[in-house]
Protein chains: 2
Amino acid sequence: MISDWIAVDWGTSNLRAWAMGPDGVLASGSSDDGMGKLTQAEFEPALLRLIAPWLGAGQTPVIACGMVGARQGWREAPYRQTPCAPVASGALMAVQTDDPRLRMMIAPGLSQSKPADVMRGEETQIAGALALLSNFDGVFCLPGTHSKWAHVSAGEVVSFQTFMTGEMFALLSQHSVLRHGMGGEGEDDAAFAEGLADAMARPEKISARLFTLRAEGLLHGLSPAAARARLSGLLIGLELAAAKPYWLGQRIALIGAAALSTRYADALQAQGAASETLDATACTLAGLAAARGLMQKAMP
Amino acid sequence: MISDWIAVDWGTSNLRAWAMGPDGVLASGSSDDGMGKLTQAEFEPALLRLIAPWLGAGQTPVIACGMVGARQGWREAPYRQTPCAPVASGALMAVQTDDPRLRMMIAPGLSQSKPADVMRGEETQIAGALALLSNFDGVFCLPGTHSKWAHVSAGEVVSFQTFMTGEMFALLSQHSVLRHGMGGEGEDDAAFAEGLADAMARPEKISARLFTLRAEGLLHGLSPAAARARLSGLLIGLELAAAKPYWLGQRIALIGAAALSTRYADALQAQGAASETLDATACTLAGLAAARGLMQKAMP
């Protein structure tokens, strides 16, 4: 099995790769060789460990997105400034490799000057979403460690904004005093809804509401699962309150993991805002394929 | 040198003790034997390592406040429920010791049922502040890891609220993605003021403003000292915005470390709210002395 080209999503913590044939994915693999733990010289060996079985005698195009293009990555792919299309052929950064079988390219991230903001990887998911949804005009929400909201019009990212929702949840639930009263994996939809409504109604109260979770555990026996769900609701509610100028009255598409996207969709629905959901991996692959298509057009 | 009694402030991370004579402090000591690292059997030896030189042949009263009275402490001193005076003689919890020279007492913390909240140690500082300021009616603000605002009237704590400001600052500046663009100990008053004004004007925007610090570092060269000061301003501004029902139109006294209290005092001044500042250690000692005085009155 020889792939036509190879798609790579290379983030801070993980490396994922797909062998692509004429009809889509032939094979896939992943490792924990994320950008965060590699020196510059270790990127090519880490990639080859995963994709060597898919290489033929000739040169295979490899297109990667994500933190691999950061300053601390394999090779810096400078941000492209919004407003602009999420991917563009001329902007792909060619990377010299030791192995002659690789034709390595990195898709750059996007930046916005004011308010200052950056993304690396999400632009490729947005490009993929635009390929999957024809003539989309509206906003994309990409929930996660650093949730992104992007306003897209006429095929261009007009503006975007990042929220540290997922990272705040991880820090507060695992590393703050709140960790003593959190735990388990159980869902508590009522507690989530309560936190969500509370934060959307009074977002400015957030830093008081957080300690209340600890005190309710001590005084009123708030269960760890309820505390965890309420924290999630509070932080997502805080994000949705601040992102209101993005989603109000707009067509909304969520790009993310299924469980988390459902939380956001339900929360938006409670505000009277309908949304559709796209699978994050499907968007990444479609976006890398779009970059590959542009590359072929540019260099036939 | 034999002390009349011994004052102890025993928190999660540190143990501090003072040998008290008729005219005040005779000697003091501290160690990192905080409640957080001790098993129940280790409290008495940890205390004796510090205060043994101050003990005479007879029994010496030792009065402690703080997390030593938590469920995971030496002996649980159940919360007293507000509204109530910050310390009360009958509520001091006697602790049996192996060493017959100790007459050990722990001052309990306070709880509030709704919104659920707790304090351990701050109630003693508030009692001390009430001893230092005669006829105080108004609010105390105790900035720190878990900042507390307490409304005090006629010698009683009427209500209080905790904000996780200091812990959020530590987590975000040291453990989040923001740590890459933070550092140094330099002060940047303009950046602090900018963050403060921004959070007070638009507190609901906080989770977007946080990531902007990272992006401004990457795109516009925001210095680590400025990023750190702006983060501090944002989080203190968020607290002051939510605590407004406490401080608006009230007499305000700050109890805390000098540098941090100055930040709060300046921020309140910018809102047209005057405040006075009391030294935190002076308040702790005055509060423990007040507890000692109540104990003597009750058992002459």
Side-chain angles (χ1 to χ4, degrees), chain A residues 12 70-72 79 81 109 111-119 145-149 161-165 167-168 170-172 174-178 180 199-200 202-220 222 235-245, chain B residues 12 70-72 79 81 109 111-119 145-149 161-165 167-168 170-172 174-178 180 199-200 202-220 222 235-245:
Chain A
T12 303
R71 207 169 296 167
Q72 303 79 18
Y79 296 111
Q81 201 168 331
S111 70
Q112 174 176 278
S113 186
K114 197 168 164 61
D117 215 328
V118 293
M119 62 168 73
T145 305
H146 298 153
S147 293
K148 309 274 182 191
W149 288 80
Q161 178 104 64
T162 304
F163 299 83
M164 288 180 62
T165 307
E167 184 161 18
M168 297 264 284
L171 288 172
L172 288 167
Q174 295 166 30
H175 300 286
S176 84
V177 70
L178 302 184
H180 299 300
M200 293 207 66
R202 304 295 301 273
E204 75 282 5
K205 292 279 183 198
I206 187 73
S207 68
R209 297 289 192 256
L210 294 176
F211 193 78
T212 303
L213 296 173
R214 174 66 179 148
E216 283 197 23
L218 288 167
L219 300 179
H220 305 323
L222 181 70
L235 294 173
I236 292 176
L238 183 67
E239 175 183 332
L240 291 177
K244 199 166 185 175
Chain B
T12 303
R71 206 169 296 167
Q72 302 80 17
Y79 296 111
Q81 201 169 332
S111 70
Q112 175 177 277
S113 187
K114 196 168 164 61
D117 215 327
V118 292
M119 63 168 73
T145 303
H146 298 152
S147 293
K148 310 273 181 190
W149 287 80
Q161 179 103 63
T162 303
F163 299 84
M164 288 181 63
T165 308
E167 183 161 18
M168 296 265 284
L171 288 172
L172 288 167
Q174 294 165 31
H175 299 288
S176 84
V177 70
L178 302 185
H180 299 300
M200 292 207 65
R202 303 297 300 275
E204 75 281 6
K205 292 279 183 197
I206 187 73
S207 68
R209 296 290 191 255
L210 294 177
F211 193 78
T212 304
L213 296 173
R214 174 67 180 146
E216 283 196 22
L218 288 168
L219 300 179
H220 305 323
L222 181 70
L235 294 173
I236 292 176
L238 183 68
E239 175 183 332
L240 292 177
K244 198 165 185 174

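Model, not experiment: these values are computed from the prediction. Below, chains carry the letters A, B, ... as their sequence lines are ordered, and counting in each starts from 1.
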- Note on the structure: On a heavy-atom basis, the closest approach of A/Ala208 and B/Gln161 is CB-NE2, 3.4 Å

- Note on the structure: When the 4.5 angstrom heavy-atom criterion is applied to B/Ile206 and chain A, the contacting part is side chain

- Query: Quick one: of B/Asp117, B/Thr162, B/Thr165, who has the most non-hydrogen atom pairs under 4.5 Å with chain A?
  - Reply: B/Thr162

- How far does NE2 of B/His180 sit from CD of A/Gln72, to the nearest 0.5 angstrom? 7.5 Å

- Nearest-0.5 Å distance that lies between atom NE2 in A/His220 and atom OG in B/Ser113: 3.5 Å

- Query: Contact part of B/Arg71 toward chain A, heavy-atom cut-off under 4.5 Å: side chain, backbone, both or neither?
  - Reply: side chain

- Task: Under the side chain to side chain contact (heavy atoms under 4.5 Å, CB included) rule, what do B/Met168 and A/Leu172 come out as? Steps first, then yes or no, please.
- Result: CA-CA 8 Å; B/Met168 296 265 284; A/Leu172 288 167; 3.9 Å; yes

- What class does the angle between the rings of A/His146 and B/Phe211 fall in, given that below 30° is parallel, 30 to 60° is tilted and above 60° is perpendicular? tilted

- Hey, which of B/Leu210, B/Thr12, B/Leu213, B/Val177 has the most heavy atom pairs under 4.5 Å with chain A? B/Val177

- Item | Portion of A/Leu219 that has a non-hydrogen atom of chain B nearer than 4.5 angstrom | side chain

- Query: In Å, rounded to the nearest 0.5 Å, how long is the span from OG of A/Ser176 to CD of B/Glu167?
  - Reply: 4.5 Å

- If you count heavy-atom pairs under 4.5 Å with chain B, which of A/Ala215, A/Ser207, A/Ala242, A/Pro203 comes out on top? A/Ser207

- Query: Hey, which of A/Arg214, A/His175, A/Glu204 has the most heavy atom pairs under 4.5 Å with chain B?
  - Reply: A/Glu204

- Task: Heavy atoms only, distances under 4.5 angstrom: which of A/Lys244, A/Gln112, A/Lys205 has the most pairs with chain B? Name it, please.
- Result: A/Lys205

- Nearest-0.5 Å distance that lies between atom CE in A/Met164 and atom OG1 in B/Thr212: 10.5 Å

- Item | Point-to-point distance, once rounded to the nearest 0.5 Å, from CD of A/Glu216 to NZ of B/Lys114 | 7.5 Å

